[in-house]
Number of protein chains: 2
Amino acid sequence: MRISSRCEYGLRAMVYLAARGDERPVPLPEIAAEEGIPAPFLERILARLREGGLVKATRGVTGGYQLARESAGIAVGDIVTALEGPLSLVGCVPDEEACARAESCASRVVWRRLDEAISGALNGITLEDLTREAVPR
Amino acid sequence: MRISSRCEYGLRAMVYLAARGDERPVPLPEIAAEEGIPAPFLERILARLREGGLVKATRGVTGGYQLARESAGIAVGDIVTALEGPLSLVGCVPDEEACARAESCASRVVWRRLDEAISGALNGITLEDLTREAVPR
DNA sequence: CTAATCCCAACCTAAAAGGTCGGCATTATG
DNA sequence: CATAATGCCGACCTTTTAGGTTGGGATTAG
């Protein structure tokens with residue numbers, strides 16, 4: 001149970017984009033250099049974020065990446081979900097069919113609570129919060 | 001970011017032990033059969049739980065496993081920690097040295113919040129709660 | 001003594017993590 | 001138009017982790 005570096009990098013890149021403003025696209029090499037992320041790896045991360053509708057890219061010589069919408073509208077949970085798939089930690093929580101014992105399973109209660117705690121924490125913080133260094137409580 | 005089956009199995013085994021009462025040791029094969037866990041794998045899981053001081057084993061022909069203390073004194077977080085190591089999701093939260101950018105890192109705030117949410121959820125439920133099907137809120 | 005149990009080290013396979021590489025498509029600029 | 005900076009994409013690679021299995025030894029009640 002560990003956060004992947006893909007996810008750490010992805011969040012940092014998004015925070016960088018948010019902090020950098022939206023005037024013009026930010027080229028990938030700049031993000032990679034500033035944040036110390038291997039460029040080819042970052043490329044694959046940004047691809048996922050683009051597929052998830054969180055960033056938009058413009059090609060060509062003055063191209064780069066921008067947030068797809070205002071930073072207040074992007075929660076950390078959105079980023080993690082785009083990079084890692086559904087937040088849920090065990091298969092049986094969203095999908096009752098996944099386990100034959102589901103209805104009588106006391107453990108399931110635990111994992112559901114954990115899922116709620118995680119979603120709550122991640123969906124409660126937006127990129128805007130992070131750039132203002134003011135995280136809501 | 002997924003719960004390992006080691007962890008799922010471990011929790012289920014602990015719940016089984018708690019529900020089974022403390023009269024006499026429960027043999028591993030029984031737990032394995034009842035919970036549908038591969039016996040040799042369960043053996044390794046119980047080894048960790050024993051090293052973590054959560055169960056005690058008695059050897060010999062009427063031997064088996066028992067909770068090391070009353071079920072009200074064992075939180076789910078204890079079990080996960082014994083099986084997976086510290087709950088923390090990223091290195092830089094407990095150990096500031098792990099990342100050169102730590103002090104200026106906005107992302108770090110996120111991971112810390114997440115850590116707190118997870119610890120809170122897991123440490124707030126004990127085995128006793130689970131056997132009574134009454135989970136505190 | 002025997003059989004059921006726990007204990008332990010070594011090994012195995014498949015999948016995921018964490019990248020890298022090479023080439024193509026797009027586009028502003030000279 | 002040629003060029004160079006960018007994004008896009010599929011294939012590949014290496015290391016670590018997950019999820020076990022195997023084979024044997026040590027204990028102990030009957």
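On a predicted model such as this, the values are computed, not experimentally measured, just so you know. Chain naming here is simple, since letters A, B, ... match the order of the sequence lines and numbering starts at 1 in each.
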Colleague: Apply salt bridge (Lys or Arg N to Asp or Glu O under 4.0 Å) to B:E84 and list each qualifying residue two or more places apart in sequence or on a separate chain.
Modeller: B:R6
Colleague: Can you check whether A:Y65 has a side-chain N or O nearer than 4.0 Å to OP1 or OP2 of D:dT6?
Modeller: no
Colleague: Please output the side-chain donor-acceptor pairs of residues 44-62 of chain B that fall under 3.5 Å, not counting sequence neighbours, one pair per line with the distance.
Modeller:
residue: B:R48; atom: NH1; partner: B:L83; partner atom: O; Å: 3.0

Colleague: Quick one: are A:I3 and B:L114 in side-chain contact, heavy atoms under 4.5 Å?
Modeller: yes
Colleague: Is there a side-chain contact between A:V76 and A:L130, using heavy atoms and a 4.5 Å cut-off?
Modeller: yes
Colleague: Scan residues 55-81 of chain A for pairs that pass ring pair (Phe, Tyr, Trp, His ring centres under 6.0 Å), counting only residues two or more places apart or in two chains.
Modeller: none
Colleague: State plainly whether the residues B:E128 and B:R132 are in salt-bridge range, i.e. N to O under 4.0 Å.
Modeller: yes
Colleague: Using modelled atom types and a 3.5 Å cut-off, is there a donor and acceptor pairing between side-chain atoms of A:D129 and backbone atoms of A:T126?
Modeller: yes
Colleague: Strictly below 4.0 Å, heavy-atom distances to any atom of DNA chain C: list the hits from residues 42-60 of chain A, or just say none.
Modeller: A:R44, A:R59, A:G60
Colleague: Does any part of the side chain of A:V90, heavy atoms only, come nearer than 4.5 Å to the side chain of B:R2, both counted from C-beta?
Modeller: no
Colleague: Could you list all the salt bridge (Lys or Arg N to Asp or Glu O under 4.0 Å) pairs where at least one residue sits in residues 13-25 of chain A, not counting sequence neighbours?
Modeller: A:R20-A:E30
Colleague: I'd like to know if the side chain of A:S5 and the backbone of A:E8 have a donor-acceptor N/O pair within less than 3.5 Å.
Modeller: no
Colleague: Compare all side-chain heavy atoms of A:L28 with those of A:E43 and state whether any distance is below 4.5 angstrom.
Modeller: yes
Colleague: Looking at residues at least two apart in the chain, or sitting in another chain, which of them share a ring-ring contact (aromatic ring centres under 6.0 Å, His included) with B:Y9?
Modeller: B:F41
Colleague: Which atoms of nucleotides 13-18 of chain D (N or O only) lie under 3.5 Å from a protein N or O atom, and what are those distances?
Modeller:
none

Colleague: Any salt bridge (Lys or Arg N to Asp or Glu O under 4.0 Å) involving residues 61-77 of chain A? Give me the pairs, sequence neighbours left out, ordered by first then second residue.
Modeller: A:R69-A:D78
Colleague: List, with names and distances, any nitrogen or oxygen atoms from the protein found under 3.5 Å away from nitrogen or oxygen atoms belonging to nucleotides 2-4 of chain D.
Modeller:
none

Colleague: Would you say A:D115's side chain and A:L89's backbone share a donor-acceptor pair under 3.5 angstrom?
Modeller: yes
Colleague: Using the C1' atoms of five pairs at each end, what's the angle between the two axes of the helix from C:dC1-D:dG30 to C:dG30-D:dC1, to 10 degrees?
Modeller: 0°
Colleague: Side chains of B:I118 and B:L122: closer than 4.5 Å at any heavy-atom pair?
Modeller: yes
Colleague: Using a 4.0 Å cut-off on heavy atoms, which residues in residues 20-29 of chain A reach DNA chain C? List them by number, or say none.
Modeller: none
Colleague: From the 5' end of DNA chain C to its 3' end, which nucleotides mark the outer limits of contact with chain A, defined by a 4.0 Å heavy-atom distance cut-off (strictly under)?
Modeller: C:dG18 to C:dA28
Colleague: To the nearest 0.5 Å, what is the distance between CG on A:L42 and CD1 on A:I31?
Modeller: 5.5 Å
Colleague: Let me confirm one number: the CE-CG distance from A:M14 to A:L67, rounded to the nearest 0.5 Å.
Modeller: 5.0 Å
